[in-house]
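One-based numbering along the sequence shown.
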Amino acid sequence: MFTATLTWALLAGYGLFIYRIVQVTTPGKVSASEFFQGRSRQGASPGLWLLVSSSAISWIFAKSIDNAASLSNAFGITGGIGYSIYYLSFVTAAIVLYLIRTRGGYNSISEFLVSKYGKLCSRLFLLAIAIRLLNEVWSNTKVFSLYFGPEGSGGYWFAACLVTLFTVYYSLMGGLRSSLLTDGAQMLLAAVLLVVILVVLVPGLVSQGLPVVDQDTHLAGLTFCGLAFVQIFSYPFHDPVMTDRAFITSPKVMFKGFVLAGLISGGFIFLFSFVGLYARTFAVEGSPILAVPALFSLPMLLVFNAIMLTSAGSTLDSSFSSVAKLGARDWSHHHDTPTENQALVGRWWIVAIAILGNFPLLSIYLGDHIGPAIILATTISGTMVMGLAPIFLLSFIPSAGRLSFHLAFWPGLMFGVLRVLESALSSQIFPDWVMLGSGKYAIDLGVNVYGLMLCTAGYLLGALLNQYVFRPRSLAK
């Protein structure tokens, strides 16, 4: 009873902390430019370190913290390294989006897509990232709610609803501006909490040494590392939480900020994977993020609770601000100065995603479980969008157009859907020869490698056909 009381008191303290930040930094009604572009009252763009802290904490999802701990528990140190590799996505995005902005002068991803591939292709892309945003809501809500009760309990549901409603409240007030400023405070808080966790866990790991894994487990971990590396070439482009921040500062500030954010957030995730290493070393059963703090005193449980609240809250408000922009501006191809009417529409989109995004939590009644479901949401969503790699990385090819987009986008989506069906039906669809490496991620690595090759070949084929078959005919007419 005492533990539950302190846990709810921590939630109240967190809410008050964020509420005060919002009240001080964004008092009263914000302008449309503040709401969508994160600008200050004076119209200034966010500075370098605000961009760094916001981008970093927005990628330190509650689900990512859980994934890092679970993977290092499963594979040893290679599991933590593998999940950290995903954070090289920041470098991929920094290079590609810098070139898109400086060479094309575009102000958003959707503007670039409309110009290069047409409106239909842009909307297909927006549908894909809308699915990603839905994933971000339920998966982060699910992780932190477990600290307030078993899955499906009254405490679990009350915490999920309370934090979602509170995040909706301040997101409606300030949009991206509120998200940026609260992210800065949340990043500092998360860093302090991580230090506390490491101070407690590292002595035990030092005394025992890193857990030794057998050869098969080591190879399975390396297979996951390979999967993460392949996906960093497409993964960043279907995350509007990242890409929206690429257009709110100057290109040079964005480039520096993204590289720094990738190093900081990737380092954070790798260090947090020590929780899983600790669980493996001492044979702790159950989910590492729940079982490891239970070994220590109540303060450690509260520290874990706080870091999950911090990471989940930062991701939720960022997801809400991104869906507001997607629904109010990107879908209608508004690339001009934001208007107050668009801000109003964006607020309604925030309410919609808060409701729809939490519906998957009901999957508990269908026998869903947290660990497999959340890791699956990451790896398969990355598989579905493998075709985005050539769509963005090879966009400099002049003859590439709509046909190239479709020949890259649809095969990747098809492979992702087939992987979903395999997991849902627990039956094999892809033949054994597709597998690369070993362990549970061998099929995912094979599907992603061969699929990326097919998507790239399709993109290049579309460019060739557009240059030598379709374009000459149109000119002849």
Pairwise side-chain contact, [X] with [Y], heavy-atom cut-off 4.5 Å (strictly under):
X	Y	result
I131	H238	no
L146	E151	yes
F320	V137	yes
F224	D444	no
H333	S122	yes
V195	V192	no
Q23	Y170	no
W49	V52	yes

Sole residue of T243, D330, D244, D239 in side-chain hydrogen bond (donor to acceptor under 3.5 Å, both in side chains) with S322: D244
Taking S318 as the fixed residue, which of S58, S54, S55 is the one that meets the side-chain hydrogen bond (donor to acceptor under 3.5 Å, both in side chains) rule? S58
Quick check for you: to the nearest 0.5 Å, what is the distance between [X] atom [atom1] and [Y] atom [atom2]?
X	Y	atom1	atom2	result
L316	S171	CG	OG	8.0 Å
L120	L113	CG	CG	11.5 Å
S311	I57	OG	CD1	6.5 Å

With distance as the sole test, does [X] use its side chain to make a donor-acceptor pair with the main-chain N or O of [Y] at under 3.5 Å?
X	Y	result
S64	I60	no
S332	R329	no
S395	F392	yes
Q231	M386	no
S179	G175	no

Using only heavy-atom distances, determine whether the side chains of S108 and S110 contain a donor-acceptor pair under 3.5 Å. yes
Are S273 and Y83 close enough that a side-chain donor and a side-chain acceptor fall under 3.5 Å? no
Can you sort out the partners of [X] under side chain to side chain donor-acceptor pair (under 3.5 Å), two or more places apart, ordered by chain and number?
X	answer
Y459	Y117
T141	N358
S84	none
Q186	Y14

[X]: which residues meet the ring pair (Phe, Tyr, Trp, His ring centres under 6.0 Å) condition with it, sequence neighbours left out?
X	value
F158	W8
F229	F233
Y87	W59
Y98	F255

Please name the pair of heavy atoms, one in P46 and one in I248, separated by the smallest distance, quoted to 0.1 Å. CD-O, 3.4 Å
Indicate the atoms forming the closest heavy-atom contact of F90 with G262, along with that distance. CD1-CA, 3.4 Å
Could you give all pairs that pass the salt bridge (Lys or Arg N to Asp or Glu O under 4.0 Å) test and reach residues 107-127, with sequence neighbours left out? none
Name all pairs fulfilling the salt bridge (Lys or Arg N to Asp or Glu O under 4.0 Å) condition that reach into residues 163-186, sequence neighbours left out, sorted by first residue then second. D183-R245
With sequence neighbours left out, write down each residue that passes salt bridge (charged side-chain N to carboxylate O under 4.0 Å, His left out) with E34, or none if nothing qualifies. R41
L205: side chain to side chain contact (heavy atoms under 4.5 Å, CB included) partners, not counting sequence neighbours: F274, L277, Y278, T281
